[in-house]
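A quick write-up on the structure given underneath.
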Amino acid sequence: MKRILLAIILLLFAFSPIQLLKAQSLVGRVYHNANIMAEKMNEAISKAIPEAKAEAIAKQEKEKGRKLTDAEKAEVNKKMDEAQAKANAAMKGIKTAITVEFKSETQAVMKTDMQVNEEALKQAGVPWAKRKALKAAIAIMPTTEKTSYMVKGNLVIMSPTDEPDTLRLSNDGKYLYGKFDKDFEVKLTRTK
């Protein structure tokens, strides 16, 4: 009876989700995000515009010492719509795609594809010199980087010996999460 109970416990431990996650091999997997900045920029724009609108109305009401008329509010709304259009154009002006491909049990390739849409940046009001400087800077950036990695549970530690960058694998293995800074999380989706 004790042997059967011990065998059941060992089998449960051997096939627990943690053990299955450890046993997962990342070799051949590819994780991708077509534009890592899009979600964060959309979130920032959707938060900033209403705040700016409320602030502009409050400022004008304080200056005038009265509530704004419908016509004055419409003028503020028009300016905010223009600001939102410029922000949306700027967002479309720079696109950053990231792909992580796991080549072996210890080696991965990270690819970065940055694209600049000069016309969108022009519509956003970015001066010619800045557009050209941005395009030149992107042109000299490396697009592919080979790196080593190690897996600890659901953590994938890239460049474990140099400057480690820790990514987190979702429980189902469909997503790979990372952070550029404390407030900016990136989600890569498994494509292969």
Side-chain angles (χ1 to χ4, degrees), residues 24-52 79-152 154-170 173-192:
Q24 283 184 1
S25 173
L26 297 179
V27 177
R29 289 189 186 188
V30 177
Y31 291 87
H32 178 75
N33 186 324
N35 191 356
I36 61 170
M37 302 299 284
E39 186 177 321
K40 193 67 171 176
M41 294 270 300
N42 278 334
E43 182 182 308
I45 290 169
S46 64
K47 182 179 177 185
I49 295 297
E51 288 175 1
K79 287 180 182 178
M80 289 300 130
D81 290 344
E82 290 170 2
Q84 185 164 7
K86 281 187 174 187
N88 288 335
M91 184 175 66
K92 293 175 185 172
I94 300 174
K95 180 180 172 185
T96 305
I98 293 190
T99 304
V100 177
E101 183 176 355
F102 295 96
K103 295 289 192 177
S104 71
E105 292 294 336
T106 60
Q107 296 295 310
V109 175
M110 296 179 74
K111 297 176 187 173
T112 306
D113 180 23
M114 291 185 77
Q115 297 175 353
V116 175
N117 180 335
E118 281 196 70
E119 190 58 37
L121 290 177
K122 187 176 181 180
Q123 289 175 0
V126 177
W128 177 85
K130 286 186 180 183
R131 293 193 313 264
K132 294 300 178 189
L134 181 62
K135 200 167 185 176
I138 289 173
I140 62 171
M141 287 178 56
T143 58
T144 303
E145 178 185 353
K146 292 181 181 179
T147 184
S148 58
Y149 75 95
M150 59 188 280
V151 179
K152 287 188 177 182
N154 69 338
L155 300 179
V156 180
I157 304 166
M158 307 299 276
S159 303
T161 55
D162 300 336
E163 296 177 29
D165 185 17
T166 304
L167 304 173
R168 185 176 37 87
L169 189 62
S170 65
K174 291 182 181 179
Y175 303 104
L176 194 60
Y177 299 94
K179 287 191 174 188
F180 276 127
D181 61 35
K182 66 179 182 170
D183 296 326
F184 185 28
E185 187 172 278
V186 176
K187 180 172 107 174
L188 306 175
T189 304
R190 184 176 177 183
T191 58
K192 184 176 173 188

* Quick one: does L167's side chain get under 4.5 Å of L155's, heavy atoms only? -> no

* Between atom CG of L188 and atom OH of Y175, what is the distance when rounded to the nearest 0.5 Å? -> 11.5 Å

* Asked: Does anything in residues 89-133 pair up under ring pair (Phe, Tyr, Trp, His ring centres under 6.0 Å), and if so which pairs, sequence neighbours excluded?
  -> F102-Y149

* Contacts of type side-chain hydrogen bond (donor to acceptor under 3.5 Å, both in side chains), residue K103, not counting sequence neighbours -> E101

* Could I get the full list of side-chain contact (heavy atoms from CB on, under 4.5 Å) partners for A133, not counting sequence neighbours? => none

* To do: Compare all side-chain heavy atoms of V109 with those of V100 and state whether any distance is below 4.5 angstrom.
  => no

* **Steps toward side-chain contact (heavy atoms from CB on, under 4.5 Å) verdict (E185, Y177)** => CA-CA 7 Å; E185 187 172 278; Y177 299 94; 3.5 Å; yes

Can you list, pair by pair, the side-chain donor-acceptor contacts under 3.5 Å of residues 134-148, counting residues two or more places apart and other chains?
from	atom 1	to	atom 2	distance (Å)
K135	NZ	E118	OE2	3.1
T147	OG1	S159	N	3.4
T147	OG1	S159	OG	2.6

* To do: Drop me the distance from T96's OG1 to D113's CG, to the nearest 0.5 angstrom.
  => 8.5 Å

* Asked: Do H32 and T99 get their side chains close enough for a donor-acceptor pair, meaning under 3.5 Å?
  -> yes

* **Rounded distance (nearest 0.5 Å) linking atom CG of N154 with atom CG of L169** => 6.5 Å

* To do: May I have the step-by-step check of side-chain contact (heavy atoms from CB on, under 4.5 Å) for L26 and V151, ending in yes or no?
  => CA-CA 9 Å; L26 297 179; V151 179; 3.7 Å; yes

* Asked: If you take all heavy atoms of A97 and A34, which pair is closest and at what distance?
  -> CB-O, 3.3 Å

* Counterpart residues, side-chain contact (heavy atoms from CB on, under 4.5 Å), relative to T106 (two or more places apart) -> S104

* Structure fact -> Sorted by chain and number, sequence neighbours left out, salt bridge (Lys or Arg N to Asp or Glu O under 4.0 Å) with K187 holds for none

* Mind running side-chain contact (heavy atoms from CB on, under 4.5 Å) on V156 and M158 for me, showing each step along the way? => CA-CA 6 Å; V156 180; M158 307 299 276; 3.8 Å; yes

* Those residues that, when tested against K192, pass side-chain contact (heavy atoms from CB on, under 4.5 Å) (two or more places apart) -> V30

* Asked: Do N117 and Q115 have side-chain N/O donor and acceptor atoms under 3.5 Å apart?
  -> no

* **Charged N-O contact under 4.0 Å between R131 and E119** => no

* **Residues which pass side-chain contact (heavy atoms from CB on, under 4.5 Å) with D81, listed by chain and number, not counting sequence neighbours** => none

* Structure fact -> When every non-hydrogen atom of G173 is compared with those of R29, the smallest separation belongs to O-NH1, 3.7 Å

* **T112/M114 under side-chain contact (heavy atoms from CB on, under 4.5 Å): CA gap, chis, key distance, verdict** => CA-CA 6 Å; T112 306; M114 291 185 77; 4.1 Å; yes

